[in-house]
Amino acid sequence: MSSTKPDNLIAIIDCNNFYVSCERIFNPKLFNKPTVVLSNNDGCVIARSQEVKELGIPMGIPIFKIQHLVEIHDIQVYSSNFSLYGDISRRIMQIIQAENPSVELYSIDEAFITLNPRYRDVESYCEDLKKRILQWTGIPVSIGVGKTKTLAKIANHLAKKLYPDKGVCILDEINTEELLQRVKVEDIWGVGRQKTKFLKLNGIFSALDLKRANPFWVQKHMTIISRHTVDELNGIPKIELEDDFVSKKTISTSRSFRKNISSLSVLENAVSSHAARAAEKLRTQKGYITSLGVYVSTNRFRDDLPQYRQFITVNFPLAINDTAGIIQAAIQGLHAIFIPELEYKKCGVILNNIIRDNQVQESLFHSRRNKEELLSSSIDTINKAYGLNTIKYAIQGSPESWSIKREKLSQSYTTNWNDLLSINLEP
DNA sequence: TCTGGGGTCCTAGGACCC
DNA sequence: TCTGGGGTCCTAGGACCC
């Protein structure tokens with residue numbers, strides 16, 4: 001109801017350099033030092049402090065390619081610590097949810113809310129919220145406000161660029177066109193590399209150019225999504241705020257290996273661990289599946305080695321959600337696509353076609369896997385209480401041989417009693 | 001030597017049917 | 001040169017996002 005009022009505004013609250021900011025909370029010596037956080041296996045840069053951005057180091061670059069810069073500029077390097085980031089995120093979202101009826105948790109570090117300017121001074125509310133989040137969690141955020149999600153995202157981008165101290169930018173009737181002129185087309189939400197190339201070829205360089213583009217032309221030569229972007233730039237909402245819990249349509253778990261793997265039994269360990277994790281996620285949203293996908297692939301960067309990528313779908317006679325059944329199917333799929341003597345770098349399990357528990361059809365010839373489901377839900381309860389993989393299936397093996405490398409991991413300051421911050425008072 | 005993971009949505013094209 | 005036409009359903013793959 002509230003979101004359909006025409007005078008509603010949308011705000012996006014976005015944490016600045018989120019993973020780096022999380023590391024800084026418990027490690028003040030990192031303030032003002034160039035700092036990066038790496039992806040799994042300590043592979044690529046996935047978060048950069050402002051100082052690192054200013055050095056021109058791009059997002060996603062493999063760390064080994066900038067090793068010389070790390071040394072020259074004394075860049076602080078951390079493995080990703082998702083249990084810490086997830087916990088800090090939860091605290092920030094709770095602050096936002098406590099004061100706003102309609103919140104969309106868009107990603108680990110972003111939330112959309114609706115604001116009604118009739119009931120609130122939007123600008124001072126945003127400034128207060130920003131201060132409160134910083135004071136209560138130590139995380140700096142930026143807030144952008146506009147009539148649509150796309151405009152709010154642009155306002156957020158402008159807040160970081162034009163008003164880094166205030167951290168708030170509001171696009172209104174008066175300033176919108178002037179500000180849109182200063183935003184490059186590639187900085188618009190929903191415009192990636194391919195669309196940027198196409199738009200520039202057609203003389204569209206700024207957000208203002210795209211706002212003024214003919215929506216029919218855009219729909220014909222691009223996609224319906226791009227047309228929605230044009231409408232949203234014009235203040236016509238096309239992308240709804242999703243403030244309810246939405247079940248995932250696909251669930252996937254995958255990892256690259258620390259080293260290349262040729263052994264089938266190690267691949268079985270990895271695939272069954274991914275299957276078990278996916279099954280757990282499936283049950284938290286009360287889902288069932290009638291098929292799943294398994295894939296393996298070699299290292300695509302090693303053009304000196306034979307390349308192989310294969311995906312397979314395995315179907316079940318009836319819908320299941322128990323770990324044993326899902327592992328069994330995934331292993332069966334793995335055996336069908338495994339080729340000996342190749343060097344594998346990655347594998348994964350994907351659950352598609354997820355249905356809700358109340359849509360599951362009973363089969364005439366099979367009874368529901370009641371025993372297996374009960375067992376799985378008991379294991380979930382235990383693992384939730386005592387930690388991931390307290391109980392697991394034997395085929396999951398021990399992860400040493402294939403699990404990820406995290407050599408520069410910070411402590412789990414907020415989620416593990418053994419990792420609480422300790423302060424040494426000795427001089 | 002070393003290159004992430006987990007999602008969503010759209011479209012093109014093939015299979016199949018009448 | 002022509003080779004029927006039109007619908008639906010499904011899947012693979014691309015583009016994009018964080």
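We name chains A, B, ... by the order of the sequence lines, and we start the count at 1 in each one. Everything quoted here is computed from the prediction, not taken from an experiment. Worth knowing before you read on, the calculation uses all heavy atoms, side chains too, and leaves out hydrogens, waters and symmetry mates.
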What nucleic acid atoms does Glu110(A) come within less than 4.0 Å of, heavy atoms only: base, sugar-phosphate, or nothing?
sugar-phosphate
Have a look at Lys345(A) and say if it touches a base, only the backbone sugar-phosphate, or nothing, with a 4.0 Å heavy-atom cut-off.
sugar-phosphate
Which one, dC10(B), dG6(B), dC18(C), comes nearest to the side chain of Arg255(A)?
dG6(B)
Which nucleotide, dT3(B), dC10(B), dG7(B), lies nearest any side-chain atom of Lys281(A)?
dG7(B)
Between Lys195(A) (NZ) and dC9(B) (P), how many Å, whole number?
14 Å
With sugar-phosphate meaning primed atoms plus P, OP1 and OP2, does Ser80(A) contact a base, only sugar-phosphate, or nothing at under 4.0 Å between heavy atoms?
nothing
Is Arg227(A) close enough and on-axis enough to Phe216(A), meaning under 6.0 Å and within 45°, for cation-pi?
yes
Which one of Glu242(A), Glu104(A), Glu232(A) satisfies the salt bridge (charged side-chain N to carboxylate O under 4.0 Å, His left out) criterion with Lys149(A)?
Glu104(A)
Smallest separation among heavy atoms of Arg302(A) and Asn260(A), with atom names:
NH1-ND2, 4.4 Å
Mind checking Lys405(A) for me? I need base, sugar-phosphate or nothing, with any heavy atom below 4.0 Å counting as a touch.
nothing
Select base, sugar-phosphate, or nothing to describe what Tyr106(A) touches, counting heavy atoms under 4.0 Å on all strands.
sugar-phosphate
Among dC18(C), dT11(B), dG5(B), find the nucleotide with the atom closest to the side chain of Ser254(A).
dG5(B)
The side chain of Thr253(A) is closest to which nucleotide in this list: dC18(C), dG6(B), dT3(B)?
dG6(B)
Smallest separation among heavy atoms of Lys408(A) and Asp42(A), with atom names
N-OD2, 4.1 Å
The answer to which of Met222(A) and Ser39(A) contacts DNA chain B further toward the 5' end, by nearest nucleotide, is Ser39(A)
Across the strands shown, which category fits Asp109(A) at heavy-atom distances under 4.0 angstrom: base, sugar-phosphate, nothing?
sugar-phosphate
For the pair made of CZ in Arg406(A) and C1' in dG4(B), what is the distance, rounded to whole Å?
13 Å
Nearest to the side chain of Trp189(A), heavy atoms from C-beta on, is which of dG4(B), dC17(C), dT8(B)?
dC17(C)
Upstream residue (5' side of DNA chain B) when Phe64(A) and Ser252(A) are each assigned their closest nucleotide
Phe64(A)
At 4.0 Å (heavy atoms only), tell me whether Asn40(A) reaches a base, stays on the sugar-phosphate, or touches nothing.
sugar-phosphate
Rounded off to whole Å, could you give me the CD1-to-C1' distance for the Ile239(A) and dC16(C) pair?
12 Å
Do the side chains of Arg193(A) and Glu186(A) get close enough for a salt bridge, i.e. N-O under 4.0 angstrom?
no
Please give, in whole Å, the distance from dG5(B) C1' to Leu351(A) CG?
15 Å
Cation over ring face, Lys184(A) and Phe205(A), 6.0 Å, 45°:
no
Length of the CD-P vector between Glu280(A) and dG6(B), whole Å:
14 Å
Between dC2(B) atom C1' and Lys65(A) atom NZ, what is the distance in whole Å?
11 Å
Taking the minimum atom-to-atom distance to the side chain of Thr250(A), which one of dG7(B), dG6(B), dC18(C) wins?
dG7(B)
Which part of the nucleic acid, if any, lies within contact of Ile251(A), taking any heavy atom under 4.0 Å across all strands shown: a base, the sugar-phosphate backbone alone, or nothing?
sugar-phosphate
For the pair Thr137(A) (side chain) and Ile133(A) (backbone), establish whether a donor and an acceptor sit closer than 3.5 Å, ignoring hydrogens and angles.
yes
What's Lys197(A) touching, base or sugar-phosphate or nothing? Going by heavy atoms closer than 4.0 Å.
nothing
For a quick check of understanding: with a heavy-atom distance under 4.0 Å over all strands, which category does Ile66(A) fall into, base, sugar-phosphate or nothing?
nothing
If I pick the C1' atom on dC18(C) and the same atom on dC2(B), what distance separates them, to the nearest angstrom?
24 Å
Nearest-neighbour nucleotide for the Lys249(A) side chain, dT3(B), dT8(B), dG6(B) considered:
dT8(B)
Expressed as a whole number of angstroms, how long is the span from Lys259(A):NZ to dT3(B):C1'?
18 Å
Please tell me which of the listed nucleotides, dC16(C), dC10(B), dC2(B), lies nearest to the side chain of Gln194(A)?
dC16(C)
Please pick, from dG7(B), dC10(B), dG5(B), the nucleotide with the shortest atom-to-atom distance to any side-chain atom of Ser256(A).
dG5(B)
Measure CD1/Ile108(A) against C1'/dG7(B) and give the value in whole Å, please.
14 Å
Strictly by Watson-Crick or wobble contacts shorter than 3.5 Å, is anything paired with dG5(B), and which nucleotide is it?
dC18(C)
